[in-house]
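Data first, discussion second: the structure below is written as structure tokens.
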Amino acid sequence: QVQLVESGGGLVQAGGSLRLSCAASGFSFLSYNMGWFRQAPGKEREFLAAISFNGGRSYETDAVQGRFTISRDNAKSSLYLQMNSLKPEDTAVYYCAAPDSIFQDVGPWHPQAMRYWGQGTQVTVSS
């Protein structure tokens, strides 16, 4: 049974930091490039960042580049998103995801190209 379980969300003031984690099980985590998405109320799910299977390459969108950093620990089957300089517009539910194909290149990704999703973790940034 495939599971992606996010944690680390919460309420933080603008300018603050959070580190999200995603614990993976039930599939060959170290074979997959992995990514993070978010979805704010009333908006479409938005791709944020992706990282290669071995952590050697990463991609972040312009919206988060320089503030968010994606990383992974294959020994722990875990994916991370370090979020700094948070803004109120970063408020959303954050999801980790694995693509349909292990050959999916590192970002940008469309939500429809993902095979596995976590349940999401809420991040709220107050002004």
Side-chain angles (χ1 to χ4, degrees):
Q1 179 184 0
V2 172
Q3 279 196 309
L4 293 173
V5 180
E6 299 95 337
S7 61
L11 174 63
V12 64
Q13 287 189 334
S17 298
L18 284 174
R19 188 191 193 213
L20 305 184
S21 298
C22 172
S25 62
F27 70 106
S28 181
F29 176 79
L30 53 77
S31 296
Y32 280 81
N33 299 337
M34 295 292 295
W36 287 97
F37 290 74
R38 69 184 178 190
Q39 188 165 20
K43 294 189 176 182
E44 294 185 351
R45 195 163 294 191
E46 174 189 14
F47 168 75
L48 298 176
I51 188 167
S52 63
F53 68 99
N54 63 357
R57 291 183 297 121
S58 65
Y59 177 97
E60 291 92 13
T61 63
D62 290 344
V64 302
Q65 195 168 41
R67 299 189 300 125
F68 293 8
T69 302
I70 188 171
S71 63
R72 67 190 295 162
D73 184 340
N74 283 347
K76 296 181 178 179
S77 294
S78 292
L79 179 72
Y80 306 102
L81 186 68
Q82 177 66 45
M83 306 188 297
N84 299 327
S85 303
L86 283 161
K87 306 174 182 179
E89 51 263 43
D90 293 320
T91 295
V93 178
Y94 284 70
Y95 300 90
C96 63
D100 231 0
S101 170
I102 61 172
F103 302 110
Q104 181 80 38
D105 200 5
V106 174
W109 290 349
H110 193 283
Q112 290 182 353
M114 299 300 105
R115 172 178 292 183
Y116 304 129
W117 291 96
Q119 84 291 346
T121 185
Q122 176 71 47
V123 171
T124 303
V125 184
S126 64
S127 57

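Computed from a predicted model, the values in this text were never measured in an experiment. The figures that follow rest on heavy atoms only: side chains count, while hydrogens, waters and symmetry mates do not.
- I51 has its side chain within reach of L79: a pair of non-hydrogen atoms, C-beta onward, lies under 4.5 Å apart.
- Side chains of E6 and Q119 form a contact here, defined as non-hydrogen atoms less than 4.5 Å apart.
- Closest heavy-atom contact between L86 and L18: CD1-N, 3.9 Å.
- Between F103 and D105, every side-chain heavy-atom pair lies at or beyond the 4.5 Å cut-off.
- Considering only heavy atoms from C-beta on, N84 stays 4.5 Å or farther from F68 through its side chain.
- Shortest non-hydrogen contact noted between A92 and Q122 is O-NE2, 3.4 Å.
- Linking Ile, Leu, Val, Met, Phe, Trp and Tyr whenever their side-chain heavy atoms come within less than 4.5 Å puts W109 and V93 in one cluster.
- In this structure, OG1 on T61 lies 8.0 Å from CD on Q65, to the nearest 0.5 angstrom.
- F29 carries R72 over the face of its six-membered ring, with the cationic atom under 6.0 Å from the centre and within 45° of the normal.
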_side chain to side chain contact (heavy atoms under 4.5 Å, CB included) for R19 and L81? Distances and angles first, verdict last._
CA-CA 6 Å; R19 188 191 193 213; L81 186 68; over 6 Å; no

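- The NZ atom of K43 lies 8.5 Å from the CD atom of E89; values are rounded to the nearest 0.5 Å.
- Side chains of S78 and D73: no donor on one and acceptor on the other come within 3.5 Å.
- Between M83 and L20 there is a side-chain heavy-atom pair separated by less than 4.5 Å.
- Taking both residues in full, the closest heavy atoms of M34 and A98 are given as SD-CB, 3.6 Å, listed atom of the first, atom of the second, then distance.
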*asked:* What verdict does the side chain to side chain contact (heavy atoms under 4.5 Å, CB included) test give for F53 and S31, after you've listed the backbone C-alpha separation in whole Å, the side-chain angles of each residue and the deciding distance to 0.1 Å?
replied: CA-CA 6 Å; F53 68 99; S31 296; 5.8 Å; no

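- One distance of note links OG of S25 with CG of L4; it measures 7.5 Å at 0.5 Å rounding.
- Aromatic rings of F37 and W117 (six-membered ring for Trp) have centroids within the 6.0 Å cut-off, being under it.
- Considering every non-hydrogen atom in both G56 and S52, the closest pair reads N-OG, 3.0 Å.
- Residues Q82 and S17 are in side-chain contact: their nearest non-hydrogen atoms beyond the backbone lie under 4.5 Å apart.
- Note that R45 lies in the cation-pi zone of Y95, set by a 6.0 Å cut-off to the ring centre and a 45° limit from the axis.
- Taking hydrophobic clusters as Ile, Leu, Val, Met, Phe, Trp and Tyr residues chained together by side-chain heavy-atom distances below 4.5 Å, V5 does not share a cluster with I70.
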*Mind running side chain to side chain contact (heavy atoms under 4.5 Å, CB included) on D90 and R67 for me, showing each step along the way?*
CA-CA 11 Å; D90 293 320; R67 299 189 300 125; 2.7 Å; yes

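- Y94 and F47 fall into different hydrophobic clusters, defined by Ile, Leu, Val, Met, Phe, Trp and Tyr side-chain heavy atoms under 4.5 Å apart, directly or through other members.
- Contact check for V123 versus T91: no side-chain heavy atoms found under the 4.5 Å cut-off.
- Taking the six-membered ring where tryptophan is involved, the planes of Y32 and F27 are perpendicular, since the angle between them exceeds 60° and thus also 30°.
- Looking at C96 and W36, their side chains come closer than 4.5 Å, going by heavy atoms from C-beta outward.
- In terms of heavy atoms, A14 sits closest to P88 at CB-CD, 4.1 Å.
- Under the 4.5 Å side-chain heavy-atom criterion for ILVMFWY residues, no single connected hydrophobic cluster contains both V106 and Y116.
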